[in-house]
Amino acid sequence: ETGVTQTPRHLVMGMTNKKSLKCEQHLGHNAMYWYKQSAKKPLELMFVYSLEERVENNSVPSRFSPECPNSSHLFLHLHTLQPEDSALYLCASSQDVSYGYTFGSGTRLTVV
Amino acid sequence: KQEVTQIPAALSVPEGENLVLNCSFTDSAIYNLQWFRQDPGKGLTSLLLIQSSQREQTSGRLNASLDKSSGRSTLYIAASQPGDSATYLCAVRPDSGAGSYQLTFGKGTKLSVIP
């Protein structure tokens with residue numbers, strides 16, 4: 001494990017389901033991120049939380065809803081997703097801008 | 001808007017060969033640049049982080065260089081091994097302002113090392 005743990009590793013959900021992705025880090029970092037990785041596209045930033053406050057939201061559809069209850073945990077709540085939302089969802093954390101990112105292993109999401 | 005390009009998109013080399021992966025970025029106002037490795041279906045593993053004031057970083061058989069003014073970075077892999085087979089991603093972080101937390105990624109170079 002890299003220090004950033006994501007669960008579940010795989011998720012298959014119907015378009016009417018509600019599910020949540022979880023991310024946890026115990027590295028003492030003060031920023032956490034959700035990225036989406038689709039086939040043949042660069043990683044896309046979805047949400048950034050710094051000190052538990054959301055600082056960026058790159059126009060992500062409202063069917064994705066983030067939650068950051070404390071500096072160690074980050075959730076991505078999913079509802080009424082579309083098949084095109086199928087992708088690898090990656091969580092990452094960092095400590096300030098001077099340091100690099102640490103990524104989790106990702107959740108492979110399939111929407112059917 | 002920052003854009004990151006990685007060339008080539010795919011590379012196949014025989015085992016033992018030295019190789020270079022290229023990364024270019026359009027906006028030189030970066031804070032740092034990070035190289036990652038991604039195995040199929042897995043998350044990203046950080047390889048090297050270069051601050052904007054640095055010219056290069058080394059870790060084992062890997063050496064990354066940065067020429068900030070020309071918007072280029074290279075990742076040099078010495079004596080390649082089959083275990084090096086993966087997709088290598090380059091990402092840059094802006095040096096200030098809103099979005100300074102955000103990394104901009106390239107699409108990656110898929111490396112295959114043939115035994």
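Below, chains carry the letters A, B, ... as their sequence lines are ordered, and counting in each starts from 1. Everything numeric in this text was worked out from a predicted model, so none of it was measured.
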**Q** Do B:Arg93 side-chain atoms and A:Tyr99 backbone N/O form a donor-acceptor pair below 3.5 Å?
**A** yes
**Q** Side chain, backbone, both or neither: which part of A:Leu43 has a non-hydrogen atom closer than 4.5 Å to chain B?
**A** both
**Q** Give the cluster check for A:Leu88 versus A:Phe75: same hydrophobic cluster or not, with ILVMFWY residues linked at side-chain heavy-atom distances below 4.5 Å.
**A** no
**Q** Could you state whether B:Leu47 and B:Leu49 fall into the same hydrophobic cluster, counting links through intermediate Ile, Leu, Val, Met, Phe, Trp or Tyr residues with side-chain heavy atoms under 4.5 angstrom apart?
**A** no
**Q** Can you hop from B:Leu62 to B:Leu19 via hydrophobic side chains spaced under 4.5 Å?
**A** yes
**Q** Tell me the closest heavy-atom pair linking B:Lys107 and A:Pro42, and the distance in Å.
**A** CG-CG, 3.5 Å
**Q** For A:His10, is the NE2 atom crowded, meaning more than 12 foreign heavy atoms sit under 6.0 Å from it?
**A** no
**Q** So, A:Tyr33 side chain and B:Leu103 main chain: donor-acceptor pair closer than 3.5 Å or not?
**A** no
**Q** Check whether A:Leu45 and B:Phe25 end up in the same hydrophobic cluster, where Ile, Leu, Val, Met, Phe, Trp and Tyr are linked by side-chain heavy atoms less than 4.5 Å apart.
**A** no
**Q** Examine whether an atom of B:Gln6 lies under 4.5 Å from a heavy atom of chain A, and if so say whether it belongs to the side chain, the backbone or both; otherwise answer neither.
**A** neither
**Q** Is there a donor-acceptor pair under 3.5 Å between the side chain of B:Gln34 and the backbone N or O of A:Tyr101?
**A** yes
**Q** Quick one, B:Lys42 with A:Arg9, criterion side-chain contact (heavy atoms from CB on, under 4.5 Å). Give me CA distance, side-chain angles, the key distance, then yes/no.
**A** CA-CA 9 Å; B:Lys42 301 292 179 64; A:Arg9 297 293 293 269; 4.2 Å; yes
**Q** Using the rule that Ile, Leu, Val, Met, Phe, Trp and Tyr join whenever any side-chain heavy atoms are under 4.5 Å apart, tell me whether A:Leu21 and A:Met15 fall into a single cluster.
**A** yes
**Q** So how far is it from B:Leu89 CG to A:Phe103 CZ, rounded to the nearest 0.5 Å?
**A** 8.5 Å
**Q** Identify which part of A:Glu44 has an atom lying under 4.5 Å from any heavy atom of chain B, answering side chain, backbone, both or neither.
**A** neither
